[in-house]
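A short write-up of the structure that comes next.
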Amino acid sequence: LVDAWQNTPTKWYPLPIAAGALLLVVLQYRKKSIAREVVVNEDGQEIIRLKGPWHVHVIGALPLRNLSRVWGYLNSLELPVWLRPVGFRVYARIFGCDLEEIDPQDLTQYASLGEFFYRKLKDGARPIADAVLVSPADGRVLHFGVIKNGRIEQVKGSTYSLDALLGVARPGSPAPAAVEFPNQKMAEVNHRHFAEINGIEYSLQDLLGTSTPSSSGTSTPTVETSSSDRDGAAQTGASAKKHGERVDASVPRDQSTTEAVAQDVSMATEVGLRPTAARRDSFTSVRTKPGNETFFVVIYLAPGDYHRFHSPAAWVVERRRHFVGDLFSVSPWMAKRLENLFVLNERVALLGRWKHGFFSMVPVGATNVGSIKVNFDQALRTNVGSRRGHPVGTFTEAVYSAASPILNGQPLIKGEEMGGFCLG
Amino acid sequence: STVVLVFEAPHNFDFFVSSGQKVKVGQKLGDV
């Protein structure tokens with residue numbers, strides 16, 4: 001072999017131009033056909049499947065959710081006090097954390113790596129810019145732009161469906177079907193529709209799926225809580241979910257009604273939305289304004305980054321949709337290889353509105369950070385239980401109408417802390 | 001982990017970032 005390797009002469013032959021051109025055509029055709037391949041079921045709805053090279057399928061075969069929970073458990077173990085400063089400094093060195101900006105700075109006060117990972121920052125460490133849209137998190141901008149044909153570009157040449165990401169239906173797509181899971185008695189709505197976006201002339205009602213209960217014929221009433229029983233909102237929500245009702249997961253406010261209304265009005269002014277008691281059904285009439293477009297931006301948080309997320313704008317969160325899914329890594333390496341990554345993974349779609357119309361924010365989990373926290377949502381539990389029984393595209397929904405009856409949602413100001421990602 | 005923002009804005013909305021750029025909480029992403 002050594003002799004053959006060293007002494008065999010290399011002879012170069014010219015490849016016929018036609019053969020080269022043919023090869024290029026075949027490769028290009030194959031690339032395009034893979035990119036456009038949309039598997040649909042008998043109802044014409046897109047089926048999201050694991051697509052990618054062989055190593056993606058190998059990773060997909062791993063019990064990622066279980067691994068994530070084991071990882072979370074290990075990182076919740078209390079570390080000896082003497083080990084904490086050394087351990088966290090090593091971690092900070094490896095992943096590039098700035099220990100000068102954390103609060104508290106005394107590293108012995110973080111009992112575990114999980115606590116350190118979910119660290120707070122000092123007041124004023126992140127000044128909020130004077131712009132309508134600011135970054136919700138520390139990280140790296142993966143991609144941004146205008147949404148065309150209802151597809152968001154994950155990486156160049158690879159897209160995923162906006163409908164699948166948010167669980168929305170568009171005009172022309174079949175009526176969403178309410179799926180009752182006998183084991184859980186939980187109303188979950190299947191919104192795996194794929195249809196061409198109809199310009200910008202779609203109603204917010206369709207975009208947010210507010211017509212789901214009536215269109216499906218299944219009763220999923222909103223759990224309304226009065227000011228007197230808001231304290232029991234979490235319990236009400238838990239009970240309501242079991243009965244297939246939509247949960248009001250708002251955090252109750254400890255204020256008199258007059259104060260609450262005054263605060264709502266003040267907040268409405270700040271958010272740039274007109275306060276009105278009729279906001280509950282505003283999505284049945286408000287349409288996307290002519291002259292508007294739908295934009296997107298994707299921000300990736302590396303392991304060393306500050307892992308809490310803040311409000312990127314002044315807006316009102318009206319509902320959240322929790323999609324139980326896989327927990328693939330969302331690193332740029334994986335994003336380049338696994339199609340529909342952000343649609344396959346577990347995520348929480350927070351839907352609402354800002355002064356320019358529709359607004360949504362979707363924290364997407366990953367293997368190391370499968371748990372997503374939302375500060376104003378007591379009922380949300382992520383990365384628990386099995387993924388079985390939760391087909392891709394189904395979600396559980398909660399509304400936040402009790403947080404502010406006037407604004408019909410949870411009002412947020414720009415830069416306000418909303419929640420974060422926890423290890424495991 | 002990843003955060004995806006999807007929103008409606010006027011045509012003249014401009015992003016003030018580039019792909020691959022590092023950002024921090026509160027940093028300007030875009031404006032009308």
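Quantities reported herein were computed from a predicted structural model and do not represent experimental measurements. Throughout, a chain's letter reflects where its sequence line sits, starting with A, and its residues are numbered from 1.
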Item to complete: Taking the six-membered ring for Trp and the single ring otherwise, decide whether the centroids of B:Phe13 and A:Phe295 are under 6.0 Å apart.
Response: yes
Euclidean distance, [Y] [atom2] relative to [X] [atom1], rounded to 0.5 Å:
X	Y	atom1	atom2	result
B:Lys24	A:Leu121	NZ	CG	8.5 Å
B:Phe7	A:Ile147	CZ	CD1	9.0 Å
B:Gln27	A:Ile299	CD	CD1	9.0 Å
A:Phe144	B:Leu29	CZ	CG	9.5 Å

Fill in: Any donor-acceptor pair under 3.5 Å from A:Trp354 side chain to B:Ala9 backbone
no
Worksheet item: Run the side chain to side chain contact (heavy atoms under 4.5 Å, CB included) check on B:Val3 and A:Met361 step by step: do they pass?
Response: CA-CA 7 Å; B:Val3 176; A:Met361 178 169 166; 3.9 Å; yes
Show the atom names and distances, to 0.1 Å, of all donor-acceptor pairs under 3.5 Å that link a side chain in residues 124-138 of chain A to residues at least two apart or in another chain.
from, atom 1, to, atom 2, distance (Å)
A:Arg126, NE, A:Asp138, OD1, 3.1
A:Arg126, NE, A:Asp138, OD2, 3.2
A:Arg126, NH1, A:Glu101, OE1, 2.9
A:Arg126, NH2, A:Glu101, OE1, 3.3
A:Arg126, NH2, A:Glu101, OE2, 2.8
A:Arg126, NH2, A:Asp138, OD2, 2.6
A:Ser135, OG, A:Ala137, N, 3.3
A:Ser135, OG, A:Ala137, O, 2.6
A:Asp138, OD1, B:Val25, N, 2.8

Fill in: Between A:His356 and B:Glu8, a side-chain donor and acceptor under 3.5 Å
no
Worksheet entry | Atom NZ of A:Lys120 with >12 non-hydrogen neighbours under 6.0 angstrom | no
Response to the item:
Heavy atoms of A:Tyr300 and B:Thr2 approach each other most closely as CD1-OG1, 4.1 Å
Worksheet item: Considering all heavy atoms of both residues, which atom of B:Ser1 and which atom of A:Ala366 are nearest to each other, and what is their separation?
Response: N-CB, 4.0 Å
Worksheet item: Between B:Phe15 and A:Val297, is a side chain to side chain contact (heavy atoms under 4.5 Å, CB included) present by the stated rule, with each step listed?
Response: CA-CA 9 Å; B:Phe15 283 101; A:Val297 58; 4.0 Å; yes
Item to complete: Show the numbers, then the answer: is there a side chain to side chain contact (heavy atoms under 4.5 Å, CB included) between A:Phe358 and B:Val6?
Response: CA-CA 8 Å; A:Phe358 170 71; B:Val6 177; 4.1 Å; yes
